[in-house]
Amino acid sequence: MPEITLREALKLGLREALDCDDRVFIMGEDIGLFQGSYAVTSGFLDDYGPDRIKDTPISESAIVGCGVGAAAAGLKPIVEIMTINFMLLAMDQIVNHAAKLRYMSDGQLEVPLVIRTVTGGGGQLGATHSQSFEGWFASVPGLYVAAPSDPYDALGLLRTAIDDNNPIIFAEHAKLYQVRGEVPDEYYSIPLGKAKIKRAGSDVTLVAYSRAVHTALEAAGLLSEKGVEAEVIDLRTLRPLDMNTVLESVRNTGRAVVIEEGWKTGGFAGELVSRIQEEAFDDLDGPVGRVCGLDVPAPYSGRLESKVFPEPQGVVNEIERLYGL
Amino acid sequence: MGYDMEEGTVVRWLVSENSEVKTGDAVAEIETDKAVVELESTGDGLLRKILVQEGSTVPVGQTIAVIAEMDEEIPEVYASDLITPEASPIDSVDANFLEIEQGDTNSSVIPTSSAEAILSAEVRASPVAKKLALERGVDLTKIIGTGPGGRITKDDVLSFEATEGVSETLEMDITPDSELGEIPVNRVDIDDVEMENSVSLNLDGADDRVTPLTKMRQQIARVTSSSKKEKPHFYVSAEIDMTEALGLRRKINSDMSAEGIKVTVNDMVIKASVGALSKFPKFNSAFTDEGIKFNASINIGVAIAEEEGLVLPAILNCQEKSLAEVSVASKDLVKRSQEGTLQSHEYTGGTFGISNMGMFDVSSFVAIIHPPNTAMLAVGRIEKRPVVREDQVTVADMMSATLSVDHRVVDGVEGAKFIVEVKRLLENPLSLLV
Amino acid sequence: MKVPANLGKEEAIGLYEQMLLIRRFEEQSDRLYKSGKIKGFCHLYIGQEAIAVGAISSLRPDDYIITHYRDHGHALARGMDPKVVMSELMGKVTGSSRGLGGSMHLFDVEKRFMGGHAIVGGQLPLATGLAMAIKHKKDDQIVLCFFGDGAVNEGEFHESMNLASMWGLPVLFFLENNLYGMGTHVDFTRSGGREIYTSADAYGIPATQVDGMDVLAVQEVTRQAIQRIRTGEGPVFVEAMCYRFRGHSVQDPMFYRDKEEVKKWEARDPINIFEQMMINDGILESEDIQEVAKCVGQAVSEAVDFADGSDEPGFEAIDQNIYS
């Protein structure tokens, strides 16, 4: 199996969709001539032309709304919002429109829309450019949210996202584009709402998605040195949410810590903690923990920023604090 | 029950209504701050009425059941439905009413204490530990939690199941005897139970994190600090030559091994203390606002370190016991302490305390008097030391003992006399057999 | 506006009947709201009938309409069954969205009626998307997008105007300027003056203003706009000046305007104006008027009876159609 980067996996998936389905087009800021701010669409304009690869004004609400309208009229738009921070400018279109049209029209309309965006921090981009809002979107009925952690999942989930007839936020972590992984030549896809066990273990369950999966895996390595074997679960999609895999693991380990880059207060990790204790209370051997982003706006200073996002040692420390392991 | 206990929880009724009970029969399990203990009937008759439901927590002094003769009329108030914990206690009626009592020594004066209310002991266990315990019939109150804050974890339940009976094994593993002074520090003896547990406890807190206080820790903190605050302690020490005592012990253990008797040094210290207490009964008393209360029986409290903390259950009526009986009672006490089957009056009935760190490499230490006692004896290890005997330097098995005394009750001279008497008895050990 | 020479009787009756249907339907909605049969918000279209009827009557059946929350008039003008619309208002299973949408969210996708949208300005970006799909498919439909004067200060208005113009999208931006965004007069909300259509200049979109109380004028302007859009020349902007005779919603006590102002506008009632013109020009007789009134009355009455007699949706509907 060839080993490619997550960026290359996304390019593969996008090209495939553009090649196979005339209804598919991509629009977003600087995706064409600029070649994509994270270079995911580099080369696309030359290959597919301006009718399929549409550079837009910096106009997030119009971009997303246009995508929603085009989807409602039968196209399969893939919209790129440069970063998830800018999604705030399109919240009305995402939450009030994309997520609602099917329901309010009782199924007369559908919105097969993919909104690709870049999430996460760690690049010293400061408070407005380092946020993780995918958890917010996951709370909205009518939206799906995917957040892959490796190239295999990125391609498999993107294929499903494009084929699906629902609006989906496809959150790509800025720090994961260069992550390499094996991706088979044969066609495959990954269903939404199916978590993946990235590492088996029987002492504690670590639940994460996107970049935090890597944090969890590193933490699992440190824990293993202490004789603690962690099971690492990559949610892959926040909505639909695969609680079965999580609960099955927690029932076995009796301990769970959720790792999320977003803020702790009101974050998605809290949702997971709630569900775990609701459904697996009697199997718990201690409180369900969270290791989240610090509740501060991300500082620019690299020294300070290094304290903001979850680190493997922080996960290890939390496990020791909660369970004495 | 506990001297500063203010309420207790009825865990389980052991006798159903209209069953016959005799004085001393266990009728209920009461959960105190320290353990679940059995409440004994204070009279003969039928358990006519249970007034407090299982699981209810009631203040000390509340009537929880009525024991009376079959035809004896019991007041209507008791004949009615179960009393809820909120109901106010009722004072005197003409039948035997079981109460949760304060103190249980053979005394008429109830010690005063302003200690704050003690919450009924609650088991702090993880959900899965509770589930597992329920499934396997494990009593969580007997398990010491190793999780943060003393939480009983799943592993604790599993390892408790796997190692249940370890305390008995410890006793059977006792090495018959060995050369004095060559006892390895890690040798397992009945006295070691305290040591081993203490070691593991002391390892706690190596880092600077804060762990919440367990119920027992809170209790110990309360008791020791109130003792130090209220009781002006003074201390007297003595060096005791244990050479003869050890020789006697060897002989007894060798002669009586068939009967399963194995006397420990601590048993001898207990017996010697009983002798001194008989001679100086002030040391077997308690200071109260009303006056010095002399206890009729000598109940020696023995410091036992359980994993969660120190307890001081007592061997009751030591004045009636021979050395061999003391030895048997002492082993039984440790065993039942570990099992958690001690009764409330054993926890609270001590009239004099002994703390023995003989199995550590500790020469001497001083103890905090366990209220409401007047004195507490602290003994260190026996070690070979050069001593002068008849102008000759010779080697003897020496042991240091320090007595802590409540100055409100006795003065220094009396303290000196007391410890010298202990010393005399141990250095002339045949007197312990009289 | 003069009556065009080619206006036939049948067409005149059609326009009149649609306007009167909207009027009577809304009057009935008002009563039903006050009697508790319609819940939530209910925004009446009374006074603006000439716009919905004039503009929508100019469309082909395959053109798209997308509109704001004051959408009953547009829905009826597009030919949605009054029974279905009334049922939706009353939250019944026979409603256009089985009672899931409500008054502000009427949809009939078969009739290319792409919804009433209740977030002010929210439908404008959607209109660009519908238009983009048309362009992508190289079709010649247009998108008629209604919005009110309240929407023109939303970013979505400006973003959509810009995008549509930039990409030459087939959108007719149709502003119904009834002078009030809820209770605030346009004089207090727009810096550029009452003639909002001039803001289209900023985006290079041809724009015009029309008397929204004159159905024939609206129809004529719309026809011209559509003709231009269909030839692929990009969006057009029309501002129709009009007046909302009733409050913002049924609950509105209208503290913010005096009765004289309302009376002044009521004197220009679009239905009366059209009726007078038709009689004066001899296109319609008073019998025709009576006949239409009778038909409309019957249709509204049947719609109410139908909706009233329909069931509420079953609980199975509660989580259907959130996802495909």
Side-chain angles (χ1 to χ4, degrees), chain A residues 22-25 27 50-52 54-77 79 89-93 95-113 140-144 164-168 192 239-240, chain C residues 64 66 88 95-102 104-110 112-138 141 143 145 154-164 166-167 169 313 317 319-324:
Chain A
D22 185 47
R23 296 172 301 166
V24 173
F25 68 98
M27 65 175 160
D51 286 345
R52 308 289 301 282
K54 299 189 79 70
D55 275 323
T56 65
I58 299 172
S59 207
E60 286 78 10
S61 191
I63 296 166
V64 174
C66 185
V68 175
L75 299 189
K76 301 211 75 157
V79 161
L89 291 153
M91 281 306 249
D92 174 48
Q93 287 305 318
V95 178
N96 284 327
H97 296 86
K100 303 291 193 292
L101 288 190
R102 174 183 291 277
Y103 192 78
M104 295 197 307
S105 69
D106 194 31
Q108 294 183 67
L109 287 176
E110 57 184 13
V111 185
L113 172 70
V140 180
L143 295 179
Y144 285 147
D164 193 84
N165 277 331
N166 299 288
I168 180 165
L192 304 178
R239 194 178 187 120
Chain C
Y64 289 102
I66 188 162
E88 189 64 24
S96 45
S97 296
R98 266 198 299 177
L100 297 175
M104 301 189 287
H105 308 117
L106 300 172
F107 291 86
D108 189 341
V109 173
E110 268 186 28
R112 299 261 164 130
F113 186 75
M114 306 301 276
H117 295 268
I119 305 294
V120 172
Q123 73 277 23
L124 283 108
L126 301 179
T128 67
L130 295 169
M132 190 183 171
I134 293 166
K135 203 172 154 83
H136 186 88
K137 295 176 195 164
K138 301 185 165 53
Q141 298 99 355
V143 179
C145 175
E154 291 280 7
E156 290 180 321
F157 166 78
H158 295 278
E159 289 191 24
S160 302
M161 296 272 280
N162 182 56
L163 198 74
M166 181 67 59
W167 289 352
L169 300 177
D319 60 354
Q320 289 173 348
N321 283 315
I322 297 171
Y323 297 101
S324 62

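Lettering of chains follows the sequences in order, A, B, ..., and the numbering in each one begins at 1.
- With chain A as the partner, the residue from C/R112, C/M166, C/M114 showing the most heavy-atom pairs under 4.5 Å is C/M114.
- To the nearest 0.5 Å, atom OG of residue A/S105 and atom CG of residue C/D108 are 10.5 Å apart.
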Next item on the list: With side chain to side chain contact (heavy atoms under 4.5 Å, CB included) as the test, would you mind laying out the steps for A/D22 and C/K137 before giving the verdict?
Entry: CA-CA 9 Å; A/D22 185 47; C/K137 295 176 195 164; over 6 Å; no
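- Residue contact with chain C, scored on non-hydrogen atoms closer than 4.5 Å, involves the backbone of A/L143 exclusively.
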Check: When you look at A/Q108 and C/S97, which way does the side chain to side chain contact (heavy atoms under 4.5 Å, CB included) test go after all the steps?
Finding: CA-CA 8 Å; A/Q108 294 183 67; C/S97 296; 4.1 Å; yes
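- In plain terms, the two heavy atoms of A/E60 and C/E159 that are nearest each other are N-OE1, 3.7 Å.
- Only the side chain of A/E110 comes within less than 4.5 Å of a heavy atom in chain C; its backbone stays farther off.
- To the nearest 0.5 Å, atoms CG (C/L163) and NZ (A/K54) are separated by 8.5 Å.
- Only the backbone of A/V140 comes within contact range of chain C, with heavy atoms under 4.5 Å apart.
- By the 4.5 Å heavy-atom criterion applied to side chains, A/D106 and C/F107 are not counted as neighbours.
- Of the two parts of C/H117, only the side chain, counted from C-beta on, holds a non-hydrogen atom closer than 4.5 Å to a non-hydrogen atom of chain A.
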Checklist line | Verdict with supporting geometry, A/K100 and C/H105, side chain to side chain contact (heavy atoms under 4.5 Å, CB included) | finding: CA-CA 10 Å; A/K100 303 291 193 292; C/H105 308 117; over 6 Å; no
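- Heavy atoms closer than 4.5 Å to chain C are found in both the backbone and the side chain of A/N165.
- Note on A/P77, A/G107, A/G67, A/G74: by heavy-atom pairs under 4.5 Å with chain C, the leading option is A/G107.
- A distance of 10.0 Å separates CG in C/N162 from OG1 in A/T56, rounded to the nearest 0.5 Å.
- Only the side chain of A/R52 comes within less than 4.5 Å of a heavy atom in chain C; its backbone stays farther off.
- C/A164 does not touch chain A: none of its heavy atoms, backbone or side chain, sits under 4.5 Å away.
- Between the CG atom of A/N166 and the CD1 atom of C/I322 there is a distance of 10.5 Å, given to the nearest 0.5 Å.
- C/P125 and A/A62 get closest at one heavy-atom pair: CB-CA, 4.1 Å.
- Proximity to chain A is absent for every atom of C/M104, based on heavy atoms less than 4.5 angstrom apart.
- If you measure heavy-atom distances from C/H136 to chain A, the contacts under 4.5 Å come from the side chain alone.
- Most heavy-atom pairs under 4.5 Å with chain C: of the set A/A71, A/P141, A/A90, this distinction falls to A/P141.
- Ring geometry for C/Y323 versus A/Y144: interplanar angle under 30°, hence parallel rather than tilted (30 to 60°).
- Put simply, of A/V68, A/L109, A/D51, A/V64, the one with the most heavy-atom pairs under 4.5 Å next to chain C is A/L109.
- Contacts with chain A were tallied for C/G122, C/G121, C/A118; C/G122 has the most, counting heavy-atom pairs under 4.5 Å.
- Note that the CZ atom of A/R102 and the CD atom of C/Q320 stand 11.5 Å from one another [nearest 0.5 Å].
- Distance check, rounded to the nearest 0.5 Å: SG of A/C66 to CE of C/M132 gives 5.0 Å.
- Around the CE atom of A/M91, the shell of radius 6.0 Å holds more than 12 heavy atoms that belong to other residues, nucleotides or ligands.
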